[in-house]
Trainee: 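Dumping the structure here so I can ask a few things about it.
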Amino acid sequence: MKATTNVLIALNNIFKRNSTRLTPIFRSNGSANAAGDSLEYFIKDMFCTGASQYQYDHEKEQVYKEYLSWTGDSSHFPDFIVKGGVGVEPKKQNSATASLSLNSSYPKDYIKPDTQNVPTLKTPGFSETGWTKKPIIYVAGHLNTKKGPDENKLYSLWMVYGNTIVAHNTKYLSLINEIRDAVKVNTDAKLTKSKELARARGIDPLKYTTLRVRGMYELEHPAKIFDIQGLNLPKNKSHVFVVMLKSNYDTIKKDMGNNWEPLHNDLQQYINKGVLNQLAVQLPDPNDPNNKLDAYIFAGYTD
């Protein structure tokens with residue numbers, strides 16, 4: 001199945017909108033959503049062409065269903081999933097370079113149907129079958145929450161493929177197993193099955209005490225990873241970035257078929273105007289830093 005939308009369509013929609021100000025989203029009862037929810041809606045709107053014209057969540061959801069197989073809840077990862085395409089995880093940031101808090105879930109380059117906390121066909125609201133592997137895109141939005149004319153405007157927005165910065169899951173699973181083995185060896189306790197790093201029953205002589213080990217993961221902010229200092233983007237504008245491997249770029253181009261040329265022409269117009277840059281770079285392989293991966297960084301600005 002070909003992807004119904006992609007990150008370059010989202011990028012194009014941001015520039016067409018020419019604003020990264022987050023507007024209130026209203027529920028059917030008239031109440032407004034919080035700022036973090038507004039960021040998630042904004043990103044979905046940019047991926048799902050046509051959704052941004054609506055202010056009520058139930059109206060947006062109708063558009064989302066055309067593009068997304070999963071629109072998210074508080075219990076599953078990622079926040080939304082594109083039909084035939086990527087999974088996307090937005091993170092609202094109160095600082096330009098603060099690490100992305102991932103809580104108890106280690107970072108992902110890809111997800112598979114058996115990845116922990118990924119929705120399945122048994123999950124109400126998830127509708128995609130036949131998929132085996134999906135790239136993950138982490139989105140970091142630095143939001144201005146100060147009262148004033150720029151309130152709820154994004155200072156910066158990074159949309160970064162996980163495979164440009166995150167190692168394969170075996171790296172993290174190996175560490176988790178080492179932690180579990182260390183707990184067992186040093187406590188002579190009984191490890192029980194758990195989603196936590198470890199749950200060891202009987203760490204004391206009478207076996208009354210259970211130790212629960214929980215992981216809290218953080219991911220370095222893309223602004224600290226990727227060098228964009230030489231671009232000299234205007235300080236009073238919203239800065240927008242996309243980081244992706246050339247292989248993912250080529251997949252988008254292939255999937256879009258005849259629709260690729262109009263999108264490419266739109267993006268080229270912004271490049272010609274000087275508000276968008278497309279940089280061909282080589283990035284260190286997250287699984288082997290001595291190896292280099294061909295990639296693109298899109299960097300631009302809007303109001």
Side-chain angles (χ1 to χ4, degrees), residues 3-26 32-68 71-72 79-80 82 85-86 88-93 96 137-145 148-160 222 231 233-244 252 256 259-278 297-303:
T4 52
T5 184
N6 59 67
V7 71
L8 296 181
I9 289 175
L11 179 66
N12 190 42
N13 283 336
I14 291 171
F15 278 91
K16 280 185 176 180
R17 190 174 187 263
N18 195 32
S19 173
T20 59
R21 188 180 304 278
L22 306 188
T23 56
I25 309 301
F26 296 97
N33 288 342
D37 294 333
S38 294
L39 174 64
E40 293 172 2
Y41 276 106
F42 175 78
I43 302 303
K44 288 178 187 175
D45 284 359
M46 297 303 100
F47 271 84
C48 302
T49 304
S52 62
Q53 65 183 303
Y54 300 109
Q55 281 191 299
Y56 283 88
D57 58 359
H58 66 277
E59 295 174 319
K60 289 181 178 294
E61 289 293 335
Q62 293 303 311
V63 181
Y64 296 160
K65 288 178 182 178
E66 297 177 23
Y67 297 92
L68 309 179
T71 58
D79 186 70
F80 66 90
V82 173
V86 300
V88 183
E89 180 70 6
K91 296 289 183 182
K92 183 178 76 72
Q93 301 292 106
I137 294 177
Y138 286 99
V139 179
H142 178 205
L143 183 64
N144 179 14
T145 57
D150 288 335
E151 184 180 7
N152 291 327
K153 180 180 177 181
L154 288 168
Y155 289 121
S156 66
L157 183 71
W158 287 83
M159 297 186 284
V160 179
L231 294 176
L233 302 177
K235 292 183 178 180
N236 62 336
K237 301 291 186 179
S238 297
H239 299 168
V240 183
F241 306 94
V242 171
V243 184
M244 62 194 309
I252 289 175
M256 292 192 68
N259 294 321
W260 167 253
E261 188 171 353
L263 174 62
H264 180 263
N265 290 341
D266 282 351
L267 294 174
Q268 190 61 48
Q269 285 183 12
Y270 298 121
I271 292 172
N272 293 341
K273 290 178 182 178
V275 298
L276 180 64
N277 302 274
Q278 181 180 352
I297 297 179
F298 291 85
Y301 62 90
T302 185
D303 288 332

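These numbers were taken from a predicted model, which means no experiment stands behind them. As a basis for the values below, the full set of heavy atoms in this structure was taken, side chains included, without hydrogen atoms, waters or symmetry mates.
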Trainee: Quick one about Asn18 and Thr302 (side-chain donor to acceptor, distance below 3.5 Å, no hydrogens or angles considered), yes or no?
Mentor: yes
Trainee: Applying the side chain to side chain donor-acceptor pair (under 3.5 Å) criterion to Asp303, which one of Lys237, Arg17, Lys153 satisfies it?
Mentor: Lys237
Trainee: How about Val88 and Asp79: do any of their side-chain heavy atoms sit closer than 4.5 Å?
Mentor: no
Trainee: Is the NZ or CZ atom of Lys44 positioned over Phe47's six-membered ring, under 6.0 angstrom from the centre and within 45° of the axis?
Mentor: no
Trainee: Shortest non-hydrogen contact from Asn13 to Met46?
Mentor: ND2-O, 2.8 Å
Trainee: Side-chain donor-acceptor pair under 3.5 Å between Asn144 and Asp150, yes or no?
Mentor: no
Trainee: Which heavy atom of Ala140 sits nearest to which heavy atom of Gln93, and what is that distance?
Mentor: CB-CG, 4.2 Å
Trainee: Counting N and O atoms only, with roles assigned by atom type, does the side chain of Gln53 sit under 3.5 Å from a partner on the main chain of Gly50, one being a donor and the other an acceptor?
Mentor: yes
Trainee: Given 3.5 Å as the limit, does a donor-acceptor pair link the side chain of Thr20 with the main chain of Leu154, or not?
Mentor: yes
Trainee: Measure the CE-CD distance between Met159 and Glu89 for me, rounded to the nearest 0.5 Å.
Mentor: 15.0 Å
Trainee: Using every non-hydrogen atom in the two residues, find where Ala3 and Gly85 come nearest and quote the distance to one decimal.
Mentor: CB-CA, 3.8 Å
Trainee: Let me confirm one number: the CG-CD1 distance from Asp45 to Ile25, rounded to the nearest 0.5 Å.
Mentor: 6.0 Å
Trainee: On the 0 to 90° scale, with breaks at 30° and 60°, tag the Phe241-His239 ring pair as parallel, tilted or perpendicular.
Mentor: perpendicular
Trainee: Between the side chains of Gln268 and Asn272, does any donor sit under 3.5 Å from an acceptor?
Mentor: yes
Trainee: What are the two closest non-hydrogen atoms of Val82 and Thr5, and how far apart are they?
Mentor: CG1-O, 3.5 Å
